Each structure stands twice: as C-alpha cells, then as structure tokens.
Trainee: 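Handing you this structure, nothing more for now.
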Protein chains: 2
Amino acid sequence: MLALSDTCRAAIMGHGGLCACLSPSALGHLRAIAGDVRIEAGQTLFQTGHAADALFGVRHGAVMLSRSLDGHRRQILSFHFSGDMLGFAAEGRHHCTATALGRASLCRIPLAELDQDLALQRHVHGILARNVGQALDMQVRLGRMNAAERVRSLLNELCSRLGGGRELHLPMRIAEMADYLGLRPETVSREMSALRQAGLVGSFSPDGVLAITDPTGL
Amino acid sequence: MLALSDTCRAAIMGHGGLCACLSPSALGHLRAIAGDVRIEAGQTLFQTGHAADALFGVRHGAVMLSRSLDGHRRQILSFHFSGDMLGFAAEGRHHCTATALGRASLCRIPLAELDQDLALQRHVHGILARNVGQALDMQVRLGRMNAAERVRSLLNELCSRLGGGRELHLPMRIAEMADYLGLRPETVSREMSALRQAGLVGSFSPDGVLAITDPTGL
DNA sequence: CGGCTCTTTGATATATTTCAATATGCGTGG
DNA sequence: CCACGCATATTGAAATATATCAAAGAGCCG
C-alpha cells in the first residue's frame, strides 16, 4: 500500500478524475487505501470474466479496454490516460479486458473500501455517469460517421485529453486506432494521409508523435 | 404524485429493474415519491441540453434515447421497455433526447428524492453500471458486426427483453431499427427478408408483430 | 375509393475492406 | 558500424458490403 503519488494526485484532480469533489479528510483516507500496480506494455490488468474487486486510476501511461468477438475481431472500447478511472463492472465481473498500451502504473482502490466512503461513492457515481456519456459518443461515431469523420474526431479527442499543444504523442498504433474506430488499419492510414495532404497534421513518426499543423482546422 | 401501479411494481422487480434489492421500507418510500408521466407516440420526455432533475421508470410502452448529428443523421442509443430506467445524465444535463415510440406511461423519481435514499442510490448505481455494459455491447455491434449480424443480434435482444415467445411484438419501425444499428432502413429490410427466406422468422405484419419461427436458430 | 406512409425489392453508386506490394524504421547480431 | 530481419505503416488495385436512388406493393385512415 502506497500513498498516491504527486503525479497521481495532481492528475486525478481534473474534471474526469477521482478526487475533484472529495473532502480533504476523504482524500486522506483514499491515500491510505490506494494500492499500487505496475504493468508492462501488452500486459493485462484484468480480463473478461474475472472478478471485479477494485477500481483503478491511471497514474502514468495508457490503458485500453477491449472486447473480442469470435477471437479475431477486436473492438477497443476506450482509452484511459493519466488521471482516468477504470474497472467499473456490473454483477461483480469484468466484461472487457484491460491492456496496457505501454508501461503503465496505476493506483488500485478495493471496492470494499469504496463501500465505506460515502463521498467517494458519490463521486464515482459521477464518473460512471460520464462514462456512459462517452460510450454514447462512441455509438454516434461508430453508427453514423464515415471513416474521415471518425479519424478526425479521434484526433480531436486525443488532442483535448492528452494536451501537448502541437505535438500530439499518440500512445497507440494505427492498429489500435482502427479497432477503436471500427475501421481497418489501412483505412485509418489513408485518412491520416488525407489529413496530412490537407495540411492539418504533419508526419506520423513511428515513435507515435504526430505534429498538429492546424489545431483549429481539425 | 401517484403510488407506483401494480404493473410498474411488478415490472421493476426484474433484474434490470428499479426495486430488485430495495428494502420494503425503501420501496414504500419510493411509492410515495414516484410521480406519474404519460406521453403520446413521438412526444419527447426530455431533450438534449435540458436540465436533468429526475429519473424515469417505464411503466408501460416503449421509449428510445437518441442523438442527432448535424440534424439529419440520427443515432438511436437505446430502447427502454416496461421496467427499464432512463434519465441518467452527467453534469445535470441530458445529452440525448427521450422519445416515446408509442403511447407510454412512466414513473418519475426526482433526483432530490434520490439523494435522501441510500439503498435506492446504491441500486441505481448498479443499474448505471449495467447501462455502461449495454453501451459497450453496442460498440461491439456497431464497430465489428456486419449488417446481418447486427439485425440478428437486435432480434435476439428484443426476444429476450420483450419475451412473448414466438410472437415478437416490435414497438419500433424499420427506420428506428436502422438508426439503432447504424444501417439504412433498406438494409434492415433486406436482412429481415433474408432471415425470412432462411426460415428463422415469419412475416413482419405492419402492426409490428414478427413471428419467430426458429428461436434457437437466431 | 384515394392518398398517405412505410416496407419491400431492384439497379447502381460508393465507401470501405481485402489482398498485395513496397517502404520505413527499429533492434539484433555479426 | 553495418546488414539483416522483423514489425508496422503506406500505397495501389480489386473485391465486396452497404448506401443511394428509384419504383412498386401493402396496409391504414380519412
């Protein structure tokens, strides 16, 4: 059991974060109960069917949730970055798999502890409600947008969530973007090329850095 | 303020319902605070941007949640039938529009009342978590299934949620199925025809009754 | 009966996938 | 340090699924 690191504390103070409206005493309590987890790129935090006994807060790195259809069609459900919560589950079982996109560290809050803390519970309810909202955004994207619109809206989302001004550091590869957007990697690549030719973004270096030439144009 | 009707009480005892794990006293309290709303086909219960000050439980009829992209592309996010809850919102504002598919009656639980009732709050949390799960199911459908699979999975879902054995009474038209599945009405119609020719379903009478010839085959 | 809306079906257009080839960068081991 | 092999991205051409356009058919209401 470690106390929340400064990185984590700072990160989760944000809007979608964990501690935004917690009283100082509740936050102190949280620091006492939050565990520490570190995983390497590609490793899973939990898998479909596993018992859900804790919530996680991303301290550093990026994590994705995904589900697989017949084993070779993968749908990525969400990306979680520094300050984001994950691990919500119905019926005490996870219905998706959490995989680290790179080396990641998280804090872990046992659900048992959550039951004790009323303020925390209420806050988690708010995060959950926001999660539903994001899932509905995804439904619109996947159901009604074409490939170009999907890629643009993803880049927009990543810009606002990851910040970094004109240097967008993408923690995922084209393949993951494709599985998130309901497209094939080739299609995502083509749309990125189109945005590049339109002068909205620069080159996509293989270390994941994408130059945003025209932030407003996106 | 009306007490919950028997229909409603019976309906919401189910798994996704409202009162499944409520203590008798809490249920009594709920009966006292639940209001009554009736809307006609096509009318809205709330719209995107409106203040969210209550939860609703469908007593009778069917309600859909939808969002519109640029005004003429509509994505239907969910269907809600007898016993289902709706009205969850983040930040106190609705981010979608609730429309009655036919004449519908609902009970209305002001959020202010919810704050008073701890057991109710916890139960609502469970419903919300299940909602997230359904939204993720939709992501898989929209992102990774082809038209035939989407239509089949919708029919499966409706069979299990609406019951009725071999006579599935569909509360929505082809157009709504299409906007739910991210397809065009013509495509849905074609897939239904294919299922009919495959002997899995019967004819789709315009009053919305679809004969399920082979329930297991779906 | 006539007009309306909705569904069904057909023909064509188009977006995206699929398949295939090439390129690019990266790490490894010589 | 360079060459090789690997993984990933990019690009092209063909195939395919779905959308679009158009017309016909069916039921419902006035």
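Computed from a predicted structure; not experimentally measured.
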Trainee: Tell me, which pairs form a side-chain hydrogen bond (donor to acceptor under 3.5 Å, both in side chains) where one or both residues lie in residues 185-202 of chain A, sequence neighbours left out?
Mentor: none

Trainee: Could you tell me whether B:Arg173 and B:Glu176 have a side-chain N and a carboxylate O separated by less than 4.0 Å?
Mentor: yes

Trainee: Would you kindly give the CD1-to-P distance between A:Ile174 and C:dT24, to the nearest whole Å?
Mentor: 16 Å

Trainee: In whole angstroms, how far is the P atom of D:dT18 from the CZ atom of A:Arg144?
Mentor: 13 Å

Trainee: Quick one: do B:Arg67 and A:Asp137 make a salt bridge, cutoff under 4.0 Å?
Mentor: yes

Trainee: Rounded to the nearest angstrom, tell me the gap between atom CE in A:Met145 and atom C1' in C:dA15.
Mentor: 17 Å

Trainee: Can you say whether a donor on the side chain of A:Arg190 sits under 3.5 Å from an acceptor on the base of C:dT18, or the other way round?
Mentor: yes

Trainee: Please report, rounded to the nearest Å, how far the C1' atom of D:dA9 is from the CG atom of A:Leu195.
Mentor: 16 Å

Trainee: Counting side-chain heavy atoms from C-beta on, which of C:dT7, D:dT11, D:dT18 comes nearest to B:Asn146?
Mentor: D:dT18

Trainee: Within the structure shown, what part of the strands sits under 4.0 Å from A:Ser193 by heavy-atom distance: base, sugar-phosphate, or nothing?
Mentor: sugar-phosphate

Trainee: Under 4.0 Å, counting only non-hydrogen atoms across every strand here, what does B:Arg150 touch: a base, just sugar-phosphate, or nothing?
Mentor: nothing

Trainee: Among the nucleotides C:dT9, C:dT18, D:dT18, which one has an atom lying closest to any side-chain atom of B:Thr187?
Mentor: D:dT18

Trainee: More 5' along DNA chain D: B:Glu186 or B:Glu191, using each one's nearest nucleotide?
Mentor: B:Glu191

Trainee: Nearest whole angstrom, please: distance from the C1' of C:dG10 to the CZ of B:Arg184.
Mentor: 18 Å

Trainee: In whole Å, what is the span from the CZ atom of A:Phe204 to the P atom of D:dT11?
Mentor: 13 Å

Trainee: Under 4.0 angstrom, heavy atoms only, what part of the nucleic acid is B:Asp207 near: base, sugar-phosphate, or nothing?
Mentor: nothing

Trainee: Expressed as a whole number of angstroms, how long is the span from A:Gln197:CD to D:dT10:C1'?
Mentor: 12 Å

Trainee: Which nucleotide in the list D:dT18, C:dT16, C:dT9 gets nearest to the side chain of B:Ala147?
Mentor: D:dT18

Trainee: Would you call A:Glu157-A:Arg152 a salt bridge at under 4.0 Å N-O?
Mentor: no

Trainee: Distance only, no hydrogens: is a donor on one side chain within 3.5 Å (strictly under) of an acceptor on the other, for A:Arg59 and A:Ser105?
Mentor: no

Trainee: To the nearest Å, give me how far apart CD (B:Glu149) and C1' (D:dT18) are.
Mentor: 14 Å

Trainee: Report the nucleotide, chosen from D:dT8, C:dT16, D:dT20, that has the shortest atom-to-atom distance to any side-chain atom of A:Arg173.
Mentor: D:dT8

Trainee: With sugar-phosphate meaning primed atoms plus P, OP1 and OP2, does A:Gly182 contact a base, only sugar-phosphate, or nothing at under 4.0 Å between heavy atoms?
Mentor: sugar-phosphate

